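Structure record follows, encoded as structure tokens.
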Amino acid sequence: MIISTGTASGKSLAYLTPAVASCLDGGTILYLTPTKALAADQLRGLRELRIAQLRAACFDGDTPFEERTWVRKHANYVLTNPDMLHRSILPRHAQWSSFFRRLRMVVVDECHGYRGVFGSHVAQILRRLRRVCARYGSRPTFLLASATASEPGAFGMRLTGLEMDEVTVDASPKGSTTIALWEPPLTELRGEGGAPVRRTATAETADLLADLVLADVRTLAFVRSRRGAETVALTARAKLADVAFSLSTRHTCPF
């Protein structure tokens with residue numbers, strides 16, 4: 001099944017509820033995400049449930065080697081990424097036999113990120129995962145989640161090789177939405193043939209983010225790359241620090 005509904009519509013709860021129930025019933029869960037940050041966020045949420053039978057753990061490149069043995073032998077909710085699945089878990093499937101034998105569900109979060117060459121690579125990894133599961137007698141349910149997948153049913157079928165039911169009706173409560181199209185202003189720079197050059201989207205995003213924070217508006221900025229996200233965060237933080245410094249000096253200056 002693939003759930004393709006809007007941001008904050010309850011997709012995480014939709015797979016988390018049956019996943020935790022499977023763990024309590026003796027099964028195991030494999031959670032795949034394209035980013036370590038999302039896996040860490042999901043792990044934090046799982047630990048906040050404070051369910052003793054739920055033994056969740058991340059298994060990625062940052063996991064210390066002494067912890068990997070514990071995860072392999074004892075964790076029943078493993079959060080990892082396709083590369084780690086491909087390079088570490090599947091080649092050593094015999095060491096994970098107990099986990100695969102009890103595998104009930106494979107969650108593929110933010111699945112819209114698996115497009116192009118990388119998507120083709122992940123599709124082959126998921127087919128290899130299915131073959132390993134079949135070797136140990138398990139047939140896990142694949143549950144995909146995305147807020148932006150186009151033709152989700154067909155996309156999910158291409159990615160997993162399985163027939164895919166899709167959930168696209170978003171009945172979650174939400175307030176009104178205002179959509180604004182923002183065009184960065186022109187600069188004094190000139191490009192090819194003397195064409196005017198606009199200010200970068202990254203710089204504009206950082207300024208907008210800082211202004212919205214100052215206006216006490218909760219804001220998410222979606223950026224295309226990790227480097228872009230770091231640039232936006234650092235630039236917005238520097239602007240907010242400058243504003244805080246100017247306000248502090250204004251209050252302390254006797255003149």
Side-chain angles (χ1 to χ4, degrees), residues 1-4 11-12 14-16 18-19 22-23 27-43 46 56-63 65 67-69 71-73 75-166 225-226:
M1 175 178 291
I2 180 169
I3 303 174
S4 182
K11 293 187 295 296
S12 296
Y15 63 71
L16 189 61
S22 295
C23 290
T28 58
I29 303 297
L30 181 64
Y31 173 90
L32 299 176
T33 175
T35 64
K36 295 180 182 178
L38 181 55
D41 182 66
Q42 290 286 321
L43 179 61
L46 288 167
C58 283
F59 190 88
D60 54 35
D62 294 333
T63 305
F65 282 96
E67 291 184 17
R68 296 187 182 189
T69 301
V71 175
R72 188 170 60 246
K73 293 183 177 180
N76 55 10
Y77 198 120
V78 174
L79 303 95
T80 187
N81 55 70
D83 289 333
M84 199 68 177
L85 179 65
H86 174 56
R87 295 293 300 274
S88 182
I89 297 177
L90 291 178
R92 299 172 178 83
H93 58 81
Q95 299 176 9
W96 291 80
S97 59
S98 177
F99 180 86
F100 284 123
R101 193 172 292 114
R102 297 178 293 127
L103 187 60
R104 303 280 183 82
M105 181 184 295
V106 177
V107 178
V108 185
D109 206 355
E110 300 293 330
C111 63
H112 57 266
Y114 304 128
R115 300 188 300 262
V117 174
F118 182 50
S120 177
H121 172 63
V122 173
Q124 297 303 320
I125 294 173
L126 294 180
R127 284 159 174 77
R128 184 184 182 191
L129 171 62
R130 289 172 51 205
R131 292 195 297 271
V132 169
C133 290
R135 172 171 181 164
Y136 293 103
S138 65
R139 296 186 59 187
T141 298
F142 280 73
L143 200 156
L144 285 59
S146 169
T148 59
S150 176
E151 298 182 345
F155 173 79
M157 185 167 61
R158 288 195 298 269
L159 189 63
T160 63
L162 298 168
E163 293 294 328
M164 192 70 50
D165 291 327
E166 61 179 38
S225 66
R226 177 175 178 176

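For clarity, every value in this text was computed on a predicted model and none was experimentally measured.
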All heavy atoms of Arg68 vs all of Asp60, minimum pair found to be NH2-O, 3.3 Å
Gap between atom CG of Leu43 and atom OG1 of Thr33 - 0.5 Å precision:
12.0 Å
Do the side chains of Leu85 and Leu30 get nearer than 4.5 Å, heavy atoms only?
yes
With a 4.5 Å heavy-atom cut-off, do Arg128 and Pro91 have their side chains touching?
yes
Heavy-atom side-chain proximity of Tyr77 to Leu16 below 4.5 angstrom:
yes
Between Leu79 and Gln42, what is the shortest heavy-atom contact and its length?
CD2-CB, 3.6 Å
Are any side-chain N or O atoms of Arg158 and backbone N or O atoms of Gly119, one a donor and one an acceptor, separated by less than 3.5 Å?
no
Does the side-chain contact (heavy atoms from CB on, under 4.5 Å) test come out yes or no for Gln124 and His86, once each step is laid out?
CA-CA 10 Å; Gln124 297 303 320; His86 174 56; over 6 Å; no
Would a distance-only check, ignoring hydrogens and angles, find a side-chain to backbone donor-acceptor pair under 3.5 Å from Arg127 to Leu159?
yes
With rounding to the nearest 0.5 Å, note down the distance linking CE in Met164 to CG in Leu143.
9.0 Å
Is the closest side-chain heavy-atom distance between Tyr15 and Asp109 below 4.5 Å?
yes
To the nearest 0.5 Å, tell me how far Leu144 CG sits from Leu126 CG.
7.5 Å
Tell me if a side-chain donor or acceptor on Arg102 pairs with a main-chain N or O of Ser98 at a distance below 3.5 Å.
yes
Is a side-chain N or O of Thr63 found less than 3.5 angstrom from the main chain of Cys58, in a donor-acceptor match?
yes
Candidate pair Asp83 and His121, rule side-chain contact (heavy atoms from CB on, under 4.5 Å), full reasoning
CA-CA 10 Å; Asp83 289 333; His121 172 63; 4.1 Å; yes
Taking all non-hydrogen atoms of both residues, which atom of Pro152 and which atom of Glu166 are closest, and how far apart?
CG-OE1, 3.6 Å
Ala56 versus Leu46, closest heavy-atom pair with distance
CB-CD1, 3.8 Å
One should read off an interatomic distance between Arg139 CZ and Leu103 CG, to the nearest 0.5 angstrom, of 13.0 Å
Identify the residue among Val108, Val107, Val106 that makes a side-chain contact (heavy atoms from CB on, under 4.5 Å) with Tyr31.
Val107
A side-chain contact here means heavy atoms from C-beta on lying under 4.5 Å apart; do Arg130 and Leu162 qualify?
yes
Calculate, to the nearest 0.5 Å, the distance between atoms CZ and CZ belonging to Arg72 and Arg92 respectively.
8.5 Å
Any donor-acceptor pair under 3.5 Å from Thr80 side chain to Phe59 backbone
yes
Side-chain heavy atoms of Pro34 within contact of Tyr114, under 4.5 Å
yes
Evaluate side-chain contact (heavy atoms from CB on, under 4.5 Å) for Val78 paired with Trp96, printing each intermediate quantity in order.
CA-CA 11 Å; Val78 174; Trp96 291 80; 4.2 Å; yes
Look only at the side chain of Ser88 and the backbone of Met84, and say whether a donor-acceptor pair between them is shorter than 3.5 Å.
no
Does atom CZ of Arg101 have more than 12 heavy-atom neighbours from other groups under 6.0 Å away?
yes
Exercise: identify the closest heavy-atom pair between Ile29 and Ser22:
CD1-CB, 4.0 Å
Whether the side chain of Ser138 engages the backbone of Phe100 through a donor-acceptor N/O pair (distance < 3.5 Å, no angle test) should be reported.
yes
Looking at every non-hydrogen atom in both residues, tell me the closest pair between Ala147 and His112 and how far apart they are.
N-ND1, 4.3 Å
Rounded to the nearest 0.5 Å, how far does OG of Ser4 lie from CZ of Phe155?
9.5 Å
